[in-house]
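Below: the structure, in C-alpha cells.
Ligands are counted one by one from 1 in listed order, and the atoms in each one are counted from 1 as well.
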Amino acid sequence: MVQEQGYKEFVDKTSESASRLLNEVRGNAKIHVVSHLDADGLSAAGIICSALRRSGARFHLRVLRQLRRKRVQELVQEWGDVFVFVDLGSGQIADISEFMANSKVFIFDHHPSTGSGSPSFTHVNPHLYNIDGTNQISAAGVAYFAARAMDPSNIDLSALAIVGAVGDQQDKGEQRSLIGLNAEIVRDAKKASVVEVSKDIRLFGRETRPIHITLEYTTEPYIPGITGNGDACAKLLLNLGIPLKEGENWRTISSLTQDEKTRLVTELVRRMMSKGIDPKDAESLIGTVYTLAKEDKGTPLRDAREYSSLLNACGRMGFPGMGIAVCMGDRYENLRETQDVLSQYRRKLAEYLELIQKPNFVKETEHLQYFNGENTIDDRMIGPVTSIAVSSRLLKSDRPVVALANSEDNLTKVSIRATDQLVKKGIDLGKAIQEAIQQIEGEAEGGGHDIAAGAFIAKGSEEMFLLRLDDSIERQLDNKQH
Ligand SMILES: [Mn+2]
C-alpha cells in the first residue's frame with residue numbers, strides 16, 4: 001500500500017517534470033543534457049534526447065565519467081542555463097545547489113541522494129518517494145516516465161529503459177526478471193510491441209555469435225576452463241554432440257533445440273559448481289530474456305543485455321556519442337562501428353581479468369581485498385572488472401573488493417564491490433566510502449549503493465583511504481553484530 005502511494009507520487013513528479021521541460025522547449029531554450037558513461041546513462045540520455053528531438057527542442061549532450069564538483073562549476077561557466085542530468089546529479093546535489101542556483105536544473109537519477117536540493121530544481125529520483133532505486137528502476141526508467149509524460153507516443157522508448165535497467169543489473173527478480181517500476185516499463189514495452197519476454201539461455205551473443213565463440217567470450221558468468229579458452233569450447237560442444245554448423249552457417253545459441261540447450265546448460269552448471277561457484281549464480285545461465293522485437297535478427301540490438309553491453313563498451317572505450325547515435329535510431333555507420341568497439345572492449349576486459357588473477361596482484365587488509373591497476377588498467381573499466389571478478393568468484397568472496405587505477409587530473413579512481421551476503425552482514429559501501437573520503441587529505445568525492453560504490457581521490461592518498469575504509473567496514477560489521 002505504502003509502496004503504491006510512492007509510485008503514484010513518483011509518476012506525478014515525472015509528469016510535472018515533463019511539463020516543465022516542455023515549457024523550456026517552447027521557450028526555445030538550449031538544453032544541456034549531461035549523462036554518465038555507462039549503459040544506463042547512455043540509455044537514459046538516448047531516451048531524453050529522442051524525446052527532446054521529437055518535441056523539436058534544441059539540445060546538446062555531454063557524457064561524463066562522474067559529475068565531480070569541478071565539472072559542475074565548469075558546466076555553469078561553459079554552457080547556458082538549462083541542464084538535464086541523467087544517471088548522475090542526485091549524489092552531487094549539494095554541489096549543484098551551490099553552483100547552479102540560478103540555472104534551471106532537471107535531474108533524472110536513481111542513485112541515493114543526500115537531499116532534494118534547491119526547491120527550484122526538478123529532481124526526479126525514486127529514493128525521494130521511498131522506492132528502491134537500486135533494483136526497481138534505473139535512470140533510463142526515470143527518463144522514460146518523463147518522456148512518456150512529454151508525449152504518449154514515446155512509449156516505444158520503453159525498450160531503451162529496459163536496456164538501461166539490465167545494464168545496471170537490476171534483473172534481480174525471479175529468474176533474472178525485472179521488478180518494481182521496471183516491471184511496469186516491461187508492460188508498456190509489451191503493449192507497444194517493442195519487447196518480447198521469454199525464458200532462455202542468457203549467454204552473451206545468443207542472437208549473433210557462433211556458439212563456441214559465445215562460450216569463449218562469456219564473462220558474465222565467468223565459466224572456469226571455458227571463458228577465454230576457444231579449444232576447450234569447441235571440444236565441449238563436440239563431446240555433447242552439438243554440431244557447430246548448419247550447412248555453411250555457424251549456429252547461434254538461439255538456434256539450438258530444446259534438447260541441445262538442456263545438455264549444454266547441464267554441463268556448464270556442473271563445471272561451474274565443481275569450481276565452487278554458487279549454484280544460484282551457476283543457474284543464472286538460464287533466465288528471462290528481453291528481445292527487442294523491432295530490431296533485426298542477428299544484430300546485437302535484438303537482445304537487451306547485448307544492447308546494454310554495446311552501450312557500456314562505447315561509453316567506457318571513449319565513444320559515447322556512437323552509442324547515443326544508435327539509441328537515437330542510427331542503424332548504419334554507427335552500429336557497425338560500435339561492434340568493433342565492443343570486441344575491443346571485451347578483449348581488454350579479458351586481459352584485465354587475467355591480470356588480477358596473477359599471484360600477489362590482489363592484497364588484503366583486515367576487512368578488504370584490493371588491487372591497484374595504476375596505469376595498466378583503464379580507470380573507466382575498473383568498475384566492470386571488479387563487478388565481474390566478484391560475481392564470478394575470481395576473487396575471494398569473504399570481503400569487499402577495492403580496485404584502484406590512475407585517472408585524469410592527478411586523481412585515483414576507486415571502485416568497490418560487495419556481495420549480497422556481505423550486504424546482509426551489515427556492509428554498506430556507499431556509506432563506508434563517504435566516511436572514508438571525509439577523513440583523508442586532498443580532493444576526494446564519492447558515494448554509491450550498498451553493494452557497489454566508487455570515488456575519485458587525490459593521488460597519494462590511497463593508503464590512508466584504504467585504512468579509513470577498512471575502519472568503516474569494521475564499524476558496520478560490529479554494529480550489525482550488537
Ligand atoms: Mn544507473
Residues in ring pair (Phe, Tyr, Trp, His ring centres under 6.0 Å) contact with [X], at least two apart in sequence or another chain:
X      : value
Phe371 : Phe361
His127 : none
Phe121 : none

For the pair Phe10 and Tyr129, name the ring-plane relationship: parallel under 30°, tilted 30 to 60°, perpendicular over 60°.
perpendicular
What class does the angle between the rings of Phe83 and His32 fall in, given that below 30° is parallel, 30 to 60° is tilted and above 60° is perpendicular?
tilted
Any cation-pi pair here, Arg346 with Phe204, using under 6.0 Å and within 45°?
yes
Take the Mn ion (ligand 1) and tell me which protein N, O or S atoms are nearer than 2.8 Å.
Asp40 OD2, Asp87 OD1, His110 NE2, Asp168 OD2
